[in-house]
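All ligand and atom numbering here is 1-based and tracks the order in the structure.
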Amino acid sequence: MPLKEYKKKRDFRKTPEPGNSTMPKKREGLIYVIQKHEASHLHFDLRLEEGGILKSWALPKLPPQAEGVRRLAVETEDHPLGYEEFEGIIPEGEYGAGKVEVWDQGTYLPQETDPGKRIVEIKGRKLWGRYGLIKLKAKNPEDKNWLFFKLKSPL
Ligand code: MN
């Protein structure tokens with residue numbers, strides 16, 4: 001039940017966020033989006049379409065646009081398809097209260113998909129090229145820290 005955690009955290013009578021997946025528009029490639037989220041701490045939510053949901057990571061710092069910058073990316077709960085279009089204000093008192101806006105969007109092509117690793121080719125406006133996501137060794141099962149970085153382009 002991939003969206004169980006997503007739904008459990010939210011009261012859809014109060015938050016304007018989508019409750020269920022919507023059918024994606026026809027497009028080439030899979031959904032890629034980064035949403036800027038001004039919650040209690042400003043962060044950037046990276047989401048990649050995978051098997052009918054949006055895999056999600058929260059980046060406490062600006063996403064890397066150049067090689068050589070490694071950013072912490074904390075894995076968060078899967079989000080429904082359609083969330084990539086969401087912009088708005090999550091009300092005070094609700095999970096993730098604050099403003100959400102799309103910071104970058106486009107498509108991506110998976111090049112390697114392993115439980116603790118992704119190599120993707122991102123085609124966004126701000127992020128473009130090959131990117132890696134590597135899960136860091138966990139001390140406890142709750143640790144969900146990954147690194148997100150731009151790879152050298154094969155050109
Ligand atoms: Mn967030």
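- Here 3 is the count of protein N, O or S atoms positioned under 2.8 Å from the Mn ion (ligand 1), waters not counted.
- Ion pairing between a basic and an acidic side chain is recognised when a charged N comes within 4.0 Å of a carboxylate O; R10 and E77 show such pairing.
- Every ring pair (Phe, Tyr, Trp, His ring centres under 6.0 Å) that F148 has, sequence neighbours left out, goes to Y131.
- Here Q65 pairs with W103, K126, L127 under the side-chain contact (heavy atoms from CB on, under 4.5 Å) rule; sequence neighbours left out.
- Of all the heavy atoms in G19 and Y6, the pair that sits closest is O-CE2, 4.2 Å.
- R47 pairs with exactly one of Q105, E84, Q35, K55 by the side chain to side chain contact (heavy atoms under 4.5 Å, CB included) rule, that one being Q35.
- Residues satisfying the ring pair (Phe, Tyr, Trp, His ring centres under 6.0 Å) criterion with F86, sequence neighbours excluded, are Y83.
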